[in-house]
Asks: 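My structure is below; once you've seen it, I'll send some questions.
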Amino acid sequence: MKENNLNEKVWQLMKKIPRGRVTTYGMIGRKLRTKAYRAVGQACKKNPYAPHVPCHRIVESNGKVGNYSGRGGVARKIELLKKEGIKVKDKRVENFEKVLYKF
DNA sequence: AGCGTGACGAACT
DNA sequence: TAGTTCGCCACGC
């Protein structure tokens, strides 16, 4: 089922994010040639491909972890990232530039 | 069909 | 540096 919306594109893109890496809403938006960074966030929130799409690997462009609608909220997101080797301090990703996956 | 909200981002004050 | 405003797209009411 393909949708003409950004949703499907976003999901396909975030599936490519390797483990132990993160990306930003801005990166995805730029890759899709769109300024609707908000729509990217909406796609994550909606994401029907739940465990198939690692939306927890998406952070804000300023290095902040951002938000999370899953169980436990942002705290849960941080734990998942830490499990993958990404260190988060005070909702901020350490070595942000190094773990950032660029498209 | 229209308005308000939101897992954002860049610019402005 | 921090707080506010505008832009952009999808979704709920």
Side-chain angles (χ1 to χ4, degrees):
Chain A
M1 53 194 298
K2 33 179 161 314
E3 314 185 359
N4 300 326
N5 310 334
L6 293 178
N7 267 344
E8 179 119 345
K9 297 175 185 173
V10 172
W11 299 324
Q12 292 298 316
L13 221 52
M14 55 173 76
K15 278 195 304 191
K16 298 167 177 251
I17 305 171
R19 188 175 171 288
R21 288 283 157 84
V22 297
T23 193
T24 69
Y25 300 92
M27 281 287 166
I28 296 174
R30 205 169 69 166
K31 175 67 176 176
L32 299 178
R33 302 286 185 269
T34 178
K35 280 77 175 173
Y37 307 117
R38 291 190 151 184
V40 178
Q42 291 300 334
C44 278
K45 184 167 95 169
K46 307 290 298 176
N47 104 1
Y49 298 89
H52 197 61
V53 178
C55 10
H56 62 271
R57 291 185 189 146
I58 315 291
V59 297
E60 296 183 3
S61 51
N62 64 333
K64 267 285 202 168
V65 180
N67 253 301
Y68 192 65
S69 289
R71 193 190 76 78
V74 62
R76 174 71 175 174
K77 182 172 178 179
I78 293 173
E79 298 249 333
L80 288 168
L81 291 173
K82 285 171 131 182
K83 275 177 181 266
E84 302 196 349
I86 300 169
K87 295 171 178 63
V88 180
K89 190 71 171 183
D90 191 34
K91 294 178 180 170
R92 297 186 56 77
V93 178
E94 293 189 359
N95 305 310
F96 181 54
E97 294 181 28
K98 305 193 190 254
V99 297
L100 177 60
Y101 181 73
K102 306 165 192 84
F103 290 98

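Lettering follows sequence order; numbering is per chain, from 1.
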Asks: Sort out for me which residue in A:Ile78, A:Leu80, A:Ile86 forms a side chain to side chain contact (heavy atoms under 4.5 Å, CB included) with A:Lys82.
Replies: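 In the set A:Ile78, A:Leu80, A:Ile86, the residue that makes a side chain to side chain contact (heavy atoms under 4.5 Å, CB included) with A:Lys82 is A:Ile78.
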Asks: Distance-only, no hydrogens or angles: does the A:Arg21 side chain make a donor-acceptor pair with backbone N or O of A:Lys102 under 3.5 Å?
Replies: no
Asks: Give a yes/no on whether any side-chain N or O of A:Lys46 is located under 4.0 angstrom from OP1 or OP2 of C:dG12.
Replies: yes
Asks: Is there a donor-acceptor pair under 3.5 Å between the side chain of A:Lys77 and the backbone N or O of A:Asn67?
Replies: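 Looks like yes, one N/O pair under 3.5 Å.
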Asks: Closer than 4.0 Å, any side-chain N/O of A:Ser61 to the OP1 or OP2 of B:dG9?
Replies: yes
Asks: Between B:dG9 atom P and A:Ile58 atom CD1, what is the distance in whole Å?
Replies: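 So the two atoms are 10 Å apart, to the nearest Å.
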Asks: Measure from CG on A:Leu13 to P on C:dC9 and round the result to the nearest Å.
Replies: 17 Å
Asks: Under 4.0 Å, heavy atoms only, any strand: does A:Glu60 hit a base, just the sugar-phosphate, or nothing?
Replies: sugar-phosphate
Asks: Over how many whole Å does the gap from A:Asn47 atom CG to C:dC11 atom P extend?
Replies: 13 Å
Asks: Whole angstroms only, please: what is the CG-C1' distance between A:Asn67 and B:dG9?
Replies: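 So the two atoms are 15 Å apart, to the nearest Å.
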Asks: Measure from the side-chain heavy atoms of A:Lys45 and tell me the nearest of B:dG6, C:dC11, C:dC9.
Replies: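 Of all the options, the side chain of A:Lys45 is nearest to B:dG6.
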Asks: Of the nucleotides C:dC9, C:dC8, B:dA7, which one has an atom closest to the side chain of A:Tyr68?
Replies: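 For the A:Tyr68 side chain, the nearest candidate turns out to be B:dA7.
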Asks: Judged by atom type as modelled, is there a donor-acceptor pair below 3.5 Å linking the side chain of A:Asn62 to the main-chain atoms of A:Lys64?
Replies: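 Present.
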Asks: Quickly work out the A:Leu32 CG to C:dA10 P distance and round it to whole Å.
Replies: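 Going from A:Leu32 (CG) to C:dA10 (P), I get 11 Å.
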Asks: Given C:dC11, is OP1 or OP2 found less than 4.0 Å from the side-chain N or O atoms of A:Asn5?
Replies: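 Answer yes for this pair, as a side-chain N or O of A:Asn5 is under 4.0 Å from OP1 or OP2.
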Asks: With a 4.0 Å limit, can you tell me whether A:Asn62 has a side-chain N or O closer than that to the phosphate oxygens OP1/OP2 of B:dA10?
Replies: no
Asks: Between A:Lys35 (NZ) and C:dC8 (C1'), how many Å, whole number?
Replies: 9 Å
Asks: Once you round it to whole Å, what is the distance between P of B:dG9 and OH of A:Tyr25?
Replies: 8 Å
Asks: What's the NZ-P distance between A:Lys31 and C:dC9, to the nearest Å?
Replies: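 It works out to 19 Å between those atoms.
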Asks: Ignoring hydrogens and angles, are the base of B:dA10 and the side chain of A:Tyr37 linked by a donor-acceptor pair under 3.5 Å?
Replies: no
Asks: Test your reading of the model: is there a side-chain donor-acceptor pair from A:Arg57 to the backbone of A:Ile17, 3.5 Å cut-off?
Replies: yes
Asks: In terms of side-chain heavy atoms of A:Leu6, which of C:dA10, B:dG9, C:dC8 is nearest?
Replies: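 Of all the options, the side chain of A:Leu6 is nearest to C:dA10.
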Asks: Using a heavy-atom cut-off of under 4.0 Å over every strand shown, decide if A:Gly26 touches base, sugar-phosphate, or nothing.
Replies: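 Sugar-phosphate contact only - A:Gly26 comes under 4.0 Å of backbone atoms but never of a base.
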